[in-house]
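These figures come from a predicted structure and were not determined experimentally. In this chain, residues are counted from 1 in sequence order.
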Amino acid sequence: LVIQIFEYNGSAVVAMVGKNCFAIASDRRLGVQLQTIATDFKRISKIHDHLFIGLSGLATDVQTLYQRLVFRHKLYQLREERDMKPETFASLVSAILYEKRFGPYLCQPVIAGFGEDDKPFICTMDSIGAKELAKDFVVSGTASESLYPVKPCTNQIWFEIQKASYKKCNEAEELFETISQALLSSVDRDCLSGWGGHVYVVTPNEIKERILKGRMD
């Protein structure tokens with residue numbers, strides 16, 4: 001059985017934009033192919049109160065890349081005496097990934113934060129730093145195909161997710177419900193990710209962190 005290296009540990013990461021808020025969520029499973037190693041693996045990290053990053057891909061590279069990013073952000077804080085904007089941080093992540101393009105970090109980042117005037121910003125990129133910006137949602141990981149809200153499906157949950165994702169007026173609690181349903185529904189369709197979820201819902205004044213319980217098989 002040949003498995004792509006990006007699928008070795010399994011992962012699911014999604015970020016969505018609501019009305020003056022954003023949410024970022026991931027699954028909690030760490031596996032070695034089909035064997036589950038841990039059920040509390042952390043894929044989403046806070047860079048500062050208005051900036052989060054989720055890393056899917058090979059778990060060892062996820063941890064290495066995260067440590068490098070924290071180091072570079074702290075240097076920026078010391079030099080500039082301010083936090084990094086998400087657009088700047090996305091360019092930094094892209095540059096670090098492209099720098100290693102001949103022996104890349106086997107990660108696919110999802111970045112979410114507040115930019116100018118507290119406007120939500122989300123983006124994702126591939127393992128060599130090619131950015132993909134979005135206004136509504138971005139996904140990455142082994143469950144990324146089933147995370148797309150526009151996937152044709154007769155399931156009522158998917159219809160609700162599709163409708164809510166494009167309303168563009170999701171309040172924080174509505175956004176939490178939307179992203180949670182999207183995550184839990186998608187990991188049920190992917191045997192390499194799952195075991196609950198980890199969700200951050202962020203507004204300019206508040207950060208809410210929640211743990212989701214999902215199927216444990």
Side-chain angles (χ1 to χ4, degrees), residues 12-28 42-56 66 69-70 73-74 76-77 80-94 108-125 131-141 143-144 147-151 157-187 196-214:
V13 182
V14 57
M16 286 185 180
V17 170
K19 185 178 180 181
N20 301 322
C21 61
F22 68 84
I24 183 168
S26 76
D27 72 317
R28 306 184 74 206
K42 190 175 181 182
R43 301 187 197 283
I44 300 172
S45 303
K46 183 174 79 169
I47 304 301
H48 59 75
D49 285 348
H50 287 175
L51 180 60
F52 290 77
I53 184 168
L55 293 165
S56 67
Y66 169 67
L69 293 172
V70 168
H73 182 258
K74 286 182 177 178
Y76 183 92
Q77 284 178 315
E80 302 287 335
E81 296 184 352
R82 61 192 171 101
D83 289 327
M84 201 177 281
K85 294 177 183 176
E87 296 88 350
T88 310
F89 185 73
S91 297
L92 169 66
V93 176
S94 180
Q108 295 173 320
V110 169
I111 296 165
F114 285 117
E116 292 286 343
D117 301 319
D118 290 332
K119 184 179 179 182
F121 169 90
I122 57 171
C123 84
T124 185
M125 58 192 76
K131 284 189 285 188
E132 182 180 345
L133 304 177
K135 296 180 179 179
D136 40 28
F137 69 94
V138 290
V139 302
S140 75
S144 58
L147 271 166
Y148 280 108
V150 294
K151 181 176 180 179
I157 292 175
W158 282 108
F159 174 75
E160 292 298 327
I161 292 168
Q162 179 181 350
K163 185 173 66 174
S165 294
Y166 289 100
K167 275 186 0 185
K168 297 282 187 181
C169 60
N170 283 342
E171 299 291 345
E173 284 305 311
E174 291 177 332
L175 187 64
F176 166 71
E177 189 67 29
T178 300
I179 199 169
S180 300
Q181 292 284 7
L183 181 70
L184 292 176
S185 296
S186 65
V187 298
H198 191 184
V199 183
Y200 287 92
V201 180
V202 186
T203 66
N205 304 315
E206 188 178 26
I207 300 171
K208 289 184 179 179
E209 179 183 5
R210 293 185 174 107
I211 301 296
L212 304 177
K213 288 188 177 181

**Item:** Gly115 backbone acceptor or donor facing His50 side chain under 3.5 Å
**Value:** no
**Prompt:** If we only count heavy atoms from C-beta on, is the Ile111 to Lys131 side-chain gap below 4.5 Å?
**Reply:** no
**Prompt:** Quick one: does Ser185's side chain have a donor or acceptor within less than 3.5 Å of a partner on Ala182's backbone?
**Reply:** no
**Prompt:** At what distance, to the nearest 0.5 angstrom, does NZ of Lys213 lie from CG of Leu184?
**Reply:** 13.0 Å
**Request:** Write down the atom of Ile24, the atom of Gly54, and the distance for their closest heavy-atom approach.
**Result:** CD1-N, 3.7 Å
**Fill in**
Between the OG1 atom in Thr203 and the CG atom in Asp118, the distance rounded to the nearest 0.5 Å is 9.0 Å
**Message:** Looking at Glu173 and Lys208, is there a salt bridge between them, counting it only when a charged N and a carboxylate O are closer than 4.0 Å?
**Reply:** yes
**Item:** With Lys85 via salt bridge (Lys or Arg N to Asp or Glu O under 4.0 Å) - residues at least two apart
**Value:** Glu116
**Prompt:** Would you call Met16 and Asp136 a side-chain contact if the rule is heavy atoms closer than 4.5 Å?
**Reply:** no
**Asked** Do you know the tightest heavy-atom contact between Val93 and Ile53?
**Response** CG2-CD1, 4.3 Å
**Asked** Do the non-hydrogen side-chain atoms of Val17 and Lys135 ever get within less than 4.5 Å of each other?
**Response** no
**Message:** Give me the atom names and distance for the closest heavy-atom approach of Phe114 to Val202.
**Reply:** CZ-O, 3.5 Å
**Item:** Any side-chain donor near an acceptor of the partner, Ser26 and Lys42, under 3.5 Å
**Value:** no
**Minimal non-hydrogen separation, Ala112 against Ile122, with atom names** = CB-CG2, 3.8 Å
**Item:** Candidate pair Glu209 and Val199, rule side chain to side chain contact (heavy atoms under 4.5 Å, CB included), full reasoning
**Value:** CA-CA 6 Å; Glu209 179 183 5; Val199 183; over 6 Å; no
**Item:** Flag, side chain of Thr178 to backbone of Glu174, donor-acceptor distance under 3.5 Å
**Value:** yes
**Distance, nearest 0.5 Å, that separates NE2 of His73 from CD of Glu80** = 10.5 Å
**Fill in**
Value for CE (Met125) from CD (Gln108), rounded to nearest 0.5 Å, stands at 11.0 Å
**Request:** Would you indicate whether the side-chain heavy atoms of Phe22 and Ile179 approach each other to under 4.5 Å?
**Result:** no
**Request:** Supply the atom-to-atom distance Arg210 CZ to Phe176 CZ, rounded to the nearest 0.5 angstrom.
**Result:** 4.5 Å
**Distance-minimising heavy-atom pair for Val13 and Arg43** = CG2-CD, 4.3 Å
**Request:** Report yes if the side chains of Ile207 and Phe52 come closer than 4.5 Å at any heavy-atom pair, otherwise no.
**Result:** yes
**Item:** Shortest non-hydrogen contact between Pro120 and Cys21, atoms and distance
**Value:** CG-O, 3.6 Å
**Asked** Just how far is it from atom CE of Met84 to atom CG of Leu69, taken to the nearest 0.5 Å?
**Response** 9.0 Å
**Request:** Could you check if a side-chain atom of Leu133 sits within less than 4.5 angstrom of a side-chain atom of Phe121, using non-hydrogen atoms only?
**Result:** yes
